Amino acid sequence: QVQLVESGGGLVQAGGSLRLSCAASGRTFSGYAMGWFRQAPGKEREFVAAISWLGGSTPYADSVKGRFTISRENAKNTVYLQMNSLKPEDTAVYYCAATNAGSAVYRVERTYDYWGQGTQVTVSS
């Protein structure tokens, strides 16, 4: 079992930046890939970014490429999402997720076994 806690959300003006953090704890964190998803009111949850255990694979949704950067510090059991040039359409609850599956399809929700409670990001115009 893995517990995930997101932090770093808040209110920011368009063009601003936020860094989200997701701290993992529990039985193990070794070997886990991590993903970020987001969900706006009335919409389905969508993939944002993911990172493999060693950081060699970092897929991004087209909507955030060039603006968001995912990273991790395994010694701290923490994954980050640096969000720059924020737009109002980035407003959503952001969730981190974890999987230790060997063959992960990072963009697919069912890949992930563990989810955090989410952190609200609101971007004002």
Side-chain angles (χ1 to χ4, degrees):
Q1 291 288 314
V2 174
Q3 293 79 47
L4 305 175
V5 179
E6 303 98 334
S7 62
L11 176 64
V12 64
Q13 294 187 32
S17 298
L18 287 172
R19 189 179 75 160
L20 306 184
S21 299
C22 177
S25 62
R27 295 179 181 176
T28 182
F29 188 67
S30 179
Y32 279 71
M34 304 291 296
W36 286 97
F37 290 76
R38 66 187 183 186
Q39 187 169 28
K43 296 185 178 180
E44 295 185 1
R45 188 158 53 189
E46 65 176 351
F47 172 80
V48 177
I51 186 166
S52 59
W53 169 245
L54 296 177
S57 180
T58 56
Y60 295 90
D62 289 342
S63 59
V64 306
K65 285 182 179 178
R67 299 189 298 120
F68 292 8
T69 303
I70 190 169
S71 62
R72 67 193 301 164
E73 295 184 67
N74 288 346
K76 297 182 178 180
N77 288 346
T78 301
V79 63
Y80 305 97
L81 186 68
Q82 179 66 47
M83 309 164 67
N84 298 327
S85 301
L86 283 162
K87 304 175 181 179
E89 51 262 46
D90 295 318
T91 296
V93 176
Y94 283 70
Y95 299 89
C96 68
T99 179
N100 66 352
S103 58
V105 183
Y106 297 136
R107 298 176 182 270
V108 179
E109 289 185 41
R110 64 186 294 270
T111 291
Y112 299 91
D113 299 311
Y114 306 102
W115 293 81
Q117 294 299 304
T119 185
Q120 177 71 49
V121 172
T122 302
V123 184
S124 62
S125 60

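Please read all numbers here as calculations on a predicted model, not as lab measurements.
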Gap separating the CZ atom of R67 from the CD atom of Q82, nearest 0.5 angstrom: 12.0 Å
Cluster overlap W36 with Y106, hydrophobic side-chain contacts below 4.5 Å: no
Heavy-atom side-chain proximity of S21 to K76 below 4.5 angstrom: no
Minimum side-chain heavy-atom gap N77-Y32 below 4.5 Å: no
Sub-4.5 Å side-chain heavy-atom contact between W53 and N74: yes
Point-to-point distance, once rounded to the nearest 0.5 Å, from OG of S17 to CZ of F68: 9.5 Å
Listed partners of F47 passing ring-ring contact (aromatic ring centres under 6.0 Å, His included), at least two apart: F37
Hydrophobic cluster membership, M34 vs Y114, 4.5 Å side-chain cutoff: yes
Single-linkage hydrophobic cluster Y60~Y95, side-chain heavy atoms < 4.5 angstrom: no
Full working for side-chain contact (heavy atoms from CB on, under 4.5 Å) between E6 and L20: CA-CA 7 Å; E6 303 98 334; L20 306 184; over 6 Å; no
Other residues, nucleotides, ligands: >12 heavy atoms within 6.0 Å of E89 CD: yes
Test item: R107 side-chain N/O and A50 main-chain N/O as donor-acceptor pair under 3.5 Å: no
Common cluster, V48/I70, ILVMFWY with side-chain heavy-atom separation under 4.5 Å: yes
Heavy-atom closest pair, residues S71 and V79: O-CG2, 3.0 Å
Expected output: side-chain T99 to main-chain T111 donor-acceptor under 3.5 Å: yes
Co-membership, hydrophobic cluster, residues I51 and V64, 4.5 Å side-chain: yes
A40 backbone acceptor or donor facing R45 side chain under 3.5 Å: no
Side chain to side chain, T91 and R38, heavy atoms closer than 4.5 Å: no
NZ/NE/NH1/NH2 to OD/OE distance under 4.0 Å, K87 and D90: no
Residue Q117 excluded, over 12 heavy atoms near CD under 6.0 Å: no
